[in-house]
Amino acid sequence: MAQTGTRPARFFRFVTKKPFNHVSLSADIDLSEMYSFCRTYRRFPLPATFNQEIVGKGTLGCFGSIPCEVYRLPVTHEQKEAYYRVIRHFSDNRNIYSYNILGLLTVYLNIEWNRQKNFLCSQFVAYTMDKIGIPLEKPFCLYTPDDFRNFPGAVLVYSGELNDFYNIRRSKSVVK
């Protein structure tokens, strides 16, 4: 999870009073492939849909310092394979999905409203977890980024600046 310096991010942080307002998924600790529902073009908040996020590029490349927390959740081989199927589905069909703008309000008001083709970043993460067999404590459409900070079984592996974490992990991978 992360806190960028975009205007919407600063607004959401002001409203929610939470340290992070964005969450992504990655199948590897190096964060070489991260996925989420987020803006498509770094300069504009909309349109937004399913996207691969790359540290240092796009919106994540606009800011020299991006506070983050990285959590690891143990999964089985079968769950990891299911994860790749879900990601492939969203990637192959990204044109039918969009950002759940109305979901910002319903989540904030804790109103359950499941929109089939619209996701917030946190709804996408919870939906994917549900689809691969990780039990959720509430409907996926009610998840916020902050909910993943205390997700059962998740272990905090890093708290700090995203670019630093990515560069350190990347340099360790190159040395191997």
Side-chain angles (χ1 to χ4, degrees), residues 1-4 18 20-40 47-61 66-100 103-104 107 112-160 162-163 165-170 172-174 176:
M1 59 192 54
Q3 174 65 36
T4 64
K18 303 296 182 187
F20 304 103
N21 60 40
H22 183 66
V23 64
S24 306
L25 284 173
S26 181
D28 64 77
I29 193 64
D30 295 336
L31 307 182
S32 60
E33 288 191 14
M34 294 190 316
Y35 299 95
S36 190
F37 267 69
C38 55
R39 62 178 64 203
T40 301
T49 187
F50 173 80
N51 285 296
Q52 180 177 1
E53 297 180 296
I54 301 170
V55 177
K57 296 189 177 175
T59 303
L60 296 180
I66 301 173
C68 77
E69 289 181 350
V70 178
Y71 291 84
R72 174 179 272 173
L73 190 64
V75 295
T76 65
H77 176 72
E78 292 78 16
Q79 287 172 317
K80 196 164 189 178
E81 291 301 314
Y83 165 83
Y84 286 119
R85 284 192 299 275
V86 170
I87 295 302
R88 192 168 34 259
H89 167 79
F90 277 96
S91 182
D92 291 347
N93 298 285
R94 98 183 260 280
N95 61 326
I96 66 171
Y97 291 101
S98 62
Y99 193 77
N100 190 5
L104 293 169
V107 167
E112 186 177 341
W113 186 29
N114 181 5
R115 299 182 70 201
Q116 298 295 329
K117 304 286 186 224
N118 304 83
F119 293 87
L120 300 173
C121 60
S122 53
Q123 292 170 336
F124 164 72
V125 169
Y127 173 87
T128 302
M129 294 170 92
D130 182 58
K131 288 295 178 196
I132 70 170
I134 296 173
L136 301 178
E137 296 182 330
K138 59 185 174 181
F140 75 84
C141 61
L142 293 177
Y143 273 81
T144 68
D146 200 63
D147 290 327
F148 296 101
R149 297 182 80 202
N150 298 304
F151 197 85
V155 176
L156 177 66
V157 296
Y158 178 79
S159 180
L162 179 62
N163 293 297
F165 176 79
Y166 178 74
N167 291 327
I168 290 167
R169 295 298 304 182
R170 207 168 130 201
K172 287 181 180 180
S173 295
V174 172
K176 288 182 182 177

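Numbering starts at 1 and runs along the sequence shown.
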Starting at OG of Ser36, measure out to CG of Leu60 and round the result to the nearest 0.5 Å.
9.5 Å
Phe124-Tyr97 aromatic ring centre distance below 6.0 Å
no
Beyond-backbone contact of His22 with Pro145, side-chain heavy atoms, under 4.5 angstrom
no
Check: residues 113-121 side-chain donor-acceptor pairs under 3.5 Å, at least two apart:
unit_1	atom_1	unit_2	atom_2	d
Arg115	NH1	Asn100	OD1	2.9
Asn118	ND2	Ser98	OG	2.7

Closest heavy-atom contact between Ala126 and Leu136?
O-CD1, 3.5 Å
Evaluate the criterion side-chain contact (heavy atoms from CB on, under 4.5 Å) for residue pair Met129 and Phe148; output intermediate values, then yes/no.
CA-CA 11 Å; Met129 294 170 92; Phe148 296 101; 3.6 Å; yes
Minimum heavy-atom separation for Gln79 to Pro74, with atom names?
OE1-O, 4.5 Å
Determine whether Phe165 and Ile29 make a side-chain contact, defined as any pair of heavy atoms from C-beta on separated by less than 4.5 Å.
yes
Working to the nearest 0.5 angstrom, can you tell me the gap between Leu156 CG and Arg72 CZ?
12.0 Å
For the NZ atom on Lys57, are there more than 12 heavy atoms of other groups (residues, nucleotides or ligands in this structure) within a distance under 6.0 Å?
no
Spatial distance of atom NZ (Lys18) from atom CG (Asp147) [nearest 0.5 Å]
8.5 Å
Quick test of your reading: applying salt bridge (Lys or Arg N to Asp or Glu O under 4.0 Å), list the pairs with at least one residue in residues 80-97, sequence neighbours left out, ordered by first then second residue.
none
Test side-chain contact (heavy atoms from CB on, under 4.5 Å) applied to Glu137 and Tyr143, step by step:
CA-CA 9 Å; Glu137 296 182 330; Tyr143 273 81; 4.0 Å; yes
For the residue pair Tyr127 and Phe37, establish whether any side-chain heavy-atom pair is separated by less than 4.5 Å.
no
Considering non-hydrogen atoms only, spot the tightest contact between Gln52 and Ser32 and give its length.
NE2-O, 4.0 Å
Would you indicate whether the side-chain heavy atoms of Tyr99 and Gln123 approach each other to under 4.5 Å?
no
Between Arg169 and Tyr158, is the side-chain contact (heavy atoms from CB on, under 4.5 Å) condition met? List the steps.
CA-CA 11 Å; Arg169 295 298 304 182; Tyr158 178 79; over 6 Å; no
Glu53: partners by salt bridge (Lys or Arg N to Asp or Glu O under 4.0 Å), with sequence neighbours left out
none
Interatomic distance, Thr128 atom OG1 to Leu25 atom CG [nearest 0.5 angstrom]
5.5 Å
Take Phe151 and Leu73 through the side-chain contact (heavy atoms from CB on, under 4.5 Å) test and state the conclusion after the steps.
CA-CA 9 Å; Phe151 197 85; Leu73 190 64; 4.1 Å; yes
CG-CE distance between Asp146 and Met1, expressed to the nearest 0.5 angstrom:
7.0 Å
Separation of Ile96 CD1 from Phe50 CZ (nearest 0.5 Å)
12.0 Å
Closest approach of Leu31 and Tyr166, non-hydrogen atoms and distance?
O-CE1, 3.9 Å
